[in-house]
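Please read all numbers here as calculations on a predicted model, not as lab measurements.
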Amino acid sequence: QVQLVESGGGLVQAGGSLRLSCAASGRTFSSYALGWFRQAPGKEREFVAHITWSYRSTYYADSVKGRFTISRDNAKNTVYLQMNSLKPEDTAVYYCAASLDPRVTMESVNYWGQGTQVTVSS
């Protein structure tokens, strides 16, 4: 069994910053890529960013490129999402995900976290 626990969500004004964390436990993650998805009210869950565990390759959705940065700490089995220049349209529940597929798509995710709410006020 794999557990992914997110933290760091909250309420922030537009233009502000937040850092999300996702702590992974239960398995070794050297084979997993980790990523972040988000789901706004009334919308489908969408990809935000991912990072491979071994090669540190990263990939971002166009909507967050240049504002968000994904990183990880192998020793802590933790992945982070630094979110800068936040916009009201970034408001969503953010989910951590682990996948054996380095592309980390909705279809390839093996494990999900429970989600953390991010609210950006205008």
Side-chain angles (χ1 to χ4, degrees):
Q1 186 66 27
V2 170
Q3 295 83 39
L4 300 172
V5 180
E6 302 100 331
S7 61
L11 173 64
V12 64
Q13 289 188 334
S17 299
L18 281 175
R19 189 176 82 155
L20 305 183
S21 299
C22 174
S25 61
R27 295 282 298 271
T28 58
F29 282 85
S30 60
S31 298
Y32 286 86
L34 294 179
W36 291 93
F37 291 74
R38 67 186 182 185
Q39 187 167 18
K43 295 187 176 181
E44 295 185 350
R45 192 171 298 187
E46 63 177 6
F47 169 81
V48 175
H50 78 240
I51 184 167
T52 57
W53 206 247
S54 298
Y55 301 105
R56 306 186 185 187
S57 297
T58 59
Y59 187 75
Y60 298 91
D62 287 342
S63 58
V64 306
K65 201 172 296 183
R67 301 187 297 121
F68 291 11
T69 302
I70 189 170
S71 61
R72 88 288 191 261
D73 184 334
N74 286 0
K76 296 182 179 180
N77 270 358
T78 300
V79 63
Y80 304 97
L81 185 68
Q82 178 67 43
M83 306 185 294
N84 298 328
S85 302
L86 282 162
K87 305 174 181 179
E89 51 263 43
D90 294 318
T91 295
V93 177
Y94 283 70
Y95 296 91
C96 180
S99 172
L100 290 172
D101 188 328
R103 295 169 295 175
V104 195
T105 64
M106 284 286 295
E107 294 74 22
S108 74
V109 169
N110 299 101
Y111 302 101
W112 291 99
Q114 84 286 353
T116 185
Q117 176 70 46
V118 171
T119 303
V120 184
S121 62
S122 57

Between W36 and C22, is any pair of side-chain heavy atoms under 4.5 Å apart? yes
Task: Validation row: V118, T91 side chains within 4.5 angstrom (heavy atoms) - done: no
Residue pairs passing the salt bridge (charged side-chain N to carboxylate O under 4.0 Å, His left out) test with at least one member in residues 102-122, sequence neighbours excluded, are D101-R103
Residues 4-15 vs salt bridge (charged side-chain N to carboxylate O under 4.0 Å, His left out), sequence neighbours excluded, gives none
OG of S25 to CG of N77, rounded to nearest 0.5 Å, is 8.0 Å
**Report entry** OH on Y111 to CG on L100, rounded to 0.5 Å
**Finding:**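 Output value for this atom pair is 7.5 Å.
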[X] and [Y]: which non-hydrogen atoms are nearest, and at how many Å?
| X | Y | answer |
| --- | --- | --- |
| H50 | P102 | NE2-O, 3.0 Å |
| A24 | L4 | CB-CD2, 3.6 Å |
| V79 | C96 | CG1-SG, 3.9 Å |

Taken in chain and number order and not counting sequence neighbours, the residues that satisfy side-chain contact (heavy atoms from CB on, under 4.5 Å) with T58 are I51, Y60, I70
Practice prompt. Just jot down the salt bridge (Lys or Arg N to Asp or Glu O under 4.0 Å) partners of K65, sequence neighbours excluded, or say none.
Written response: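 Once residues adjacent in sequence are excluded, the partners of K65 under the salt bridge (Lys or Arg N to Asp or Glu O under 4.0 Å) criterion are D62.
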Cut-off 3.5 Å, no hydrogens considered: what does the side-chain donor-acceptor table look like for residues 81-89, sequence neighbours left out?
| unit_1 | atom_1 | unit_2 | atom_2 | d |
| --- | --- | --- | --- | --- |
| Q82 | NE2 | N84 | OD1 | 2.9 |
| N84 | OD1 | S17 | OG | 2.9 |

Does Y94 form a side chain to side chain donor-acceptor pair (under 3.5 Å) with R38? I'd like the steps, not just the answer. CA-CA 4 Å; Y94 283 70; R38 67 186 182 185; 3.0 Å; yes
Side-chain cluster (under 4.5 Å, hydrophobic types only) that W112 belongs to, other residues =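 F37, F47, Y59, V93, Y95, V104, M106, V109, all in the cluster of W112.
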| request: Indicate if L18 and Y80 have the same hydrophobic cluster label, given that clusters are the connected sets of ILVMFWY residues with side-chain heavy-atom separations under 4.5 angstrom. | output: no
With no hydrogens and no angle check, is any side-chain donor or acceptor of S108 less than 3.5 Å from a backbone partner on S99? no
| said: With a 3.5 Å distance limit and no angle check, can you tell me whether T52 reaches the backbone of A33 through a side-chain donor-acceptor pair? | reply: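 Not confirmed, T52 side chain does not pair with A33 backbone.
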Test log, rule side chain to side chain donor-acceptor pair (under 3.5 Å), inputs Q13 and S121 = CA-CA 5 Å; Q13 289 188 334; S121 62; 5.0 Å; no
